[in-house]
Amino acid sequence: MEPRTWVYIFLGLYIIYCFWWGLRGYFTEKTASGYAIGGRSIPFIAFLMAATAASFSGWTTVGHPGLIWRDGLAYAFASFYVLTIPITGAFFAKRNWLMGKRYGFVTPGDMFAYYYNNEAIRWLTVLSAVLYSMFYTGLQLIAAAKLFEIVAGVPYTAGLFFMAFIVWFYVVTGGLKASTWVGVIQFILLVTSIVILGWYTVTADAIGGWSSFTQAVQGFEAKYVEVPSLMKFGLGTGGWTAVMILTYMFALMGIQSSPAFILWNYGMSSPKPLAWQQVFMSTFVVGLALFFFTAFQGMGGRILMNQGLIAPQVDGDLVPMLMNYLLPGPMMAIVFLGIIAAIHSTAAPYIGTGGTIILRDVYWRYFKKQEAGHAEQIWANRIFVTVLTVLAVGVSLTAPGAIVMIGGFATSFGFIMYLMLMGVHYGFKYPSIGVVIGLLGAIVACFITYFWYQYPLSMHTAFWGLFAGLVLAYLCRGLGIKDNEETIKRQAEVREWLTSIDSPSETGQKWRNAMKFLVPLWYVFAIGPLCMLGNSAFSFAGFAPLWSWQIVWWIVGIVLMWALCFKAEMSTTSAEQIARADTDQNIVVKEI
């Protein structure tokens with residue numbers, strides 16, 4: 001059979017699976033919380049796999065190899081997001097779940113507005129969520145349309161609308177639980193597709209085996225196998241400098257601090273899967289795929305291009321062209337499906353949770369005065385999901401070539417949520433009005449440092465966004481602005497409860513004290529200023545020095561994540577904690 005025939009057969013089976021879950025949810029989810037947050041009953045295995053798939057998505061499978069092809073091993077440091085993404089989860093996810101259980105929060109706006117006793121924070125959180133959802137979903141659809149165009153011969157616009165329709169249908173019908181269960185198979189397909197295409201690339205006859213591959217990589221120009229410099233002065237200059245790598249990783253840390261992931265944390269039946277998702281599924285499994293097999297695709301793609309065998313024009317072209325050149329029919333179908341699944345695994349929860357946030361924080365709270373019933377909330381949610389899908393399609397139609405950098409811009413709106421999360425979960429002190437001004441300033445700074453004065457000092461938008469937010473928030477504190485008595489009492493009650501339920505054991509505290517030094521030290525060497533040592537530090541098994549450096553610090557990172565999540569007890573929970581979360585309730589949010 002023709003390869004395209006295999007592609008359409010596998011795509012048809014995938015669509016049936018997605019639609020089945022959507023229709024199942026349509027006929028079974030009858031409550032607002034059931035549709036919006038899975039009735040707080042998303043099980044262990046579903047969250048474990050779906051959350052991992054949602055964290056890595058289409059820019060991992062399409063954009064990531066493409067940027068390694070375009071910019072070389074300096075960009076391959078982005079593979080460290082297999083650690084920086086779950087590090088954010090380790091900081092906040094368990095406490096998000098505990099707060100959701102105790103206070104009944106449905107959206108992050110509920111939590112932030114309650115803790116800071118200020119509704120303006122809710123509106124700004126909604127704005128951040130909408131911006132994140134439309135840009136991040138848009139980049140997923142760009143990758144899908146590009147893939148469909150090159151592999152299946154479908155025009156870009158037609159493929160874009162078709163892929164958007166599939167994800168829209170099962171989200172709008174089935175809600176969060178449907179998209180989560182679809183995410184289980186999507187994770188399997190995601191990892192499988194990366195490994196298959198990487199393997200076929202590195203073993204391609206035109207490359208000539210491992211020795212020829214490694215010799216070719218080490219013979220590339222320096223700009224493809226070295227970090228160029230520590231920092232460059234100016235705007236949008238310097239490429240992947242050491243500080244650009246570090247601050248770009250900050251942007252990707254925003255994935256699990258995004259409004260969507262906070263809402264997803266509320267939907268878990270238990271926080272038990274968190275540590276396993278962060279250490280094993282993300283850091284180890286996806287790390288193995290990225291540090292080896294996506295790098296094989298990117299560097300192998302450059303070898304094949306130098307031989308005149310493929311001719312990609314932008315980063316999004318590489319993976320589809322490798323598929324067309326290297327893969328037999330069934331393998332092409334599996335890889336195609338894996339990439340589509342990766343794209344949908346992220347697009348689905350972001351448009352779904354974005355719709356829920358608009359529904360609960362705007363329509364239900366202000367337009368309906370908290371009086372709308374279950375059926376009305378579900379249908380209004382579906383309308384908002386549709387609106388977000390349309391906005392995402394608009395992004396895809398206006399920026400078809402900028403997959404990865406649009407993603408970094410989008411995730412910056414998740415990273416600026418650190419401003420509130422550090423206050424809610426760890427007691428960082430700035431007044432309520434300071435948080436409002438800080439969050440507004442962070443959003444403005446993100447736009448300025450991406451669209452007008454891009455990447456000052458070769459530092460990413462995410463850094464400038466949070467930096468502006470913290471400066472403004474602390475400036476308000478420095479000017480002597482204080483919260484009212486009700487806000488102070490409310491925050492003190494939250495602090496007291498979180499301390500009582502989530503204080504570590506004596507051994508766990510010792511590990512936490514060590515992590516305060518070891519985690520920053522790892523950042524400095526692995527993805528910070530000292531990563532430049534990797535340009536000529538050491539080499540093994542034929543890997544170029546910078547690639548060898550990345551692999552070693554990834555292995556160190558696995559141990560670091562294990563210590564942080566398990567030994568320091570950042571992501572583990574005891575039976576007593578879970579029991580208390582069920583009984584120590586102080587519900588402050590209505591469902592209907």
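The shown structure was predicted, so the numbers you read here are calculated from the model rather than taken from an experiment.
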For [X] and [Y], test the side chains for any donor-to-acceptor distance below 3.5 angstrom and give the result as yes or no.
X: His425; Y: Asn96; answer: yes
X: Tyr35; Y: His374; answer: no
X: Thr88; Y: Tyr418; answer: yes
X: Thr353; Y: Trp264; answer: no
X: Lys177; Y: Ser41; answer: yes
X: Glu376; Y: Tyr363; answer: yes

Does [Y] offer a backbone N or O that forms a donor-acceptor pair with the side chain of [X] under 3.5 Å?
X: Ser574; Y: Gln577; result: yes
X: Ser193; Y: Leu190; result: yes
X: Ser282; Y: Gln277; result: no
X: Ser257; Y: Gly414; result: yes
X: His344; Y: Met163; result: yes
X: Arg24; Y: Gly174; result: no
X: Arg495; Y: Val424; result: yes
X: Trp181; Y: Ala46; result: no
X: Thr346; Y: Ile343; result: no
X: Ser133; Y: Val130; result: no

Taking the side chain as every heavy atom from C-beta outward, state whether [X] and [Y] have any atom pair closer than 4.5 Å.
X: Met99; Y: Val494; value: yes
X: Met422; Y: Leu470; value: yes
X: Val154; Y: Glu149; value: no
X: Phe112; Y: Met417; value: yes
X: Phe250; Y: Leu466; value: no
X: Asn484; Y: Thr487; value: yes
X: Leu391; Y: Val395; value: no
X: Thr449; Y: His460; value: no

| task | Assess whether ring-ring contact (aromatic ring centres under 6.0 Å, His included) is satisfied between Phe384 and Trp379, documenting all intermediate values. | result | CA-CA 9 Å; Phe384 295 129; Trp379 278 102; over 10 Å; no
Can you list the residues that meet the side-chain hydrogen bond (donor to acceptor under 3.5 Å, both in side chains) rule with [X], with sequence neighbours excluded?
X: Tyr26; value: none
X: Ser412; value: none
X: Tyr114; value: none
X: Trp21; value: Tyr17

[X] to [Y] - nearest heavy-atom pair and separation:
X: Ser269; Y: Pro43; value: OG-CA, 3.8 Å
X: Tyr116; Y: Gly423; value: OH-CA, 3.3 Å
X: Val385; Y: Ile351; value: CG2-O, 3.6 Å
X: Ser258; Y: Ile255; value: OG-O, 2.8 Å
X: Val171; Y: Ser179; value: CG2-CB, 4.3 Å
X: Gln186; Y: Ser345; value: OE1-CA, 3.0 Å

| said: Does Thr572 form a side chain to side chain contact (heavy atoms under 4.5 Å, CB included) with Cys565? I'd like the steps, not just the answer. | reply: CA-CA 7 Å; Thr572 55; Cys565 295; 5.9 Å; no
| Step-by-step side chain to side chain contact (heavy atoms under 4.5 Å, CB included) determination, Met570 to Asp502 | CA-CA 9 Å; Met570 294 294 289; Asp502 195 36; over 6 Å; no
| note | Those residues at least two apart in sequence (or on a different chain) that pass salt bridge (charged side-chain N to carboxylate O under 4.0 Å, His left out) with Asp483 are none
| request: Check salt bridge (charged side-chain N to carboxylate O under 4.0 Å, His left out) between Glu576 and all other residues, then give those that pass, not counting sequence neighbours. | output: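 Applying salt bridge (charged side-chain N to carboxylate O under 4.0 Å, His left out) to Glu576 gives none.
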| task | If a pair satisfies salt bridge (charged side-chain N to carboxylate O under 4.0 Å, His left out) and one of its residues is in residues 112-141, list it, with sequence neighbours excluded. | result |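 For residues 112-141: Asp110-Arg122, Glu119-Arg122, Arg122-Asp361.
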Partners meeting ring-ring contact (aromatic ring centres under 6.0 Å, His included) with [X] (sequence neighbours left out):
X: Phe336; result: Phe148
X: Tyr426; result: none
X: Phe10; result: none

| field | Separation between OG1 of Thr573 and CG of Leu98, rounded to the nearest 0.5 Å | value | 8.0 Å
| task | Run the numbers on Tyr366 and Trp123 for ring-ring contact (aromatic ring centres under 6.0 Å, His included), then give the verdict. | result | CA-CA 11 Å; Tyr366 289 101; Trp123 285 92; 5.1 Å; yes
| query | Would you call the rings of Phe135 and Phe451 parallel, tilted or perpendicular, where under 30° means parallel and over 60° means perpendicular? | reply |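 Ring orientation, 0 to 90° scale: tilted.
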| Using 30° and 60° as the class limits, which term best fits the ring planes of Phe447 and Phe413: parallel, tilted or perpendicular? | tilted
| message | Determine whether Val106 and Tyr266 satisfy the following criterion, side chain to side chain contact (heavy atoms under 4.5 Å, CB included), listing intermediate values before the conclusion. | response | CA-CA 7 Å; Val106 176; Tyr266 297 152; 5.7 Å; no
Report, one line per pair, each donor and acceptor closer than 3.5 Å where one atom sits in a side chain of residues 433-446; sequence neighbours left out.
none

| field | Salt bridge present between Glu371 and Lys590 (N-O < 4.0 angstrom) | value |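 Result for this pair is yes, salt bridge flagged.
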| query | With a 4.0 Å cut-off, would you call Glu493 and Lys489 a salt bridge? | reply |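 No.
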| task | List in chain and number order the residues that pass side chain to side chain contact (heavy atoms under 4.5 Å, CB included) with Phe169, two or more places apart in sequence or in another chain; answer none if no residue qualifies. | result |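 Once residues adjacent in sequence are excluded, the partners of Phe169 under the side chain to side chain contact (heavy atoms under 4.5 Å, CB included) criterion are Phe19, Leu23, Phe165, Thr173.
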| query | Could you walk me through whether Ile339 and Val319 pass the side chain to side chain contact (heavy atoms under 4.5 Å, CB included) check? | reply | CA-CA 10 Å; Ile339 297 172; Val319 166; 3.5 Å; yes
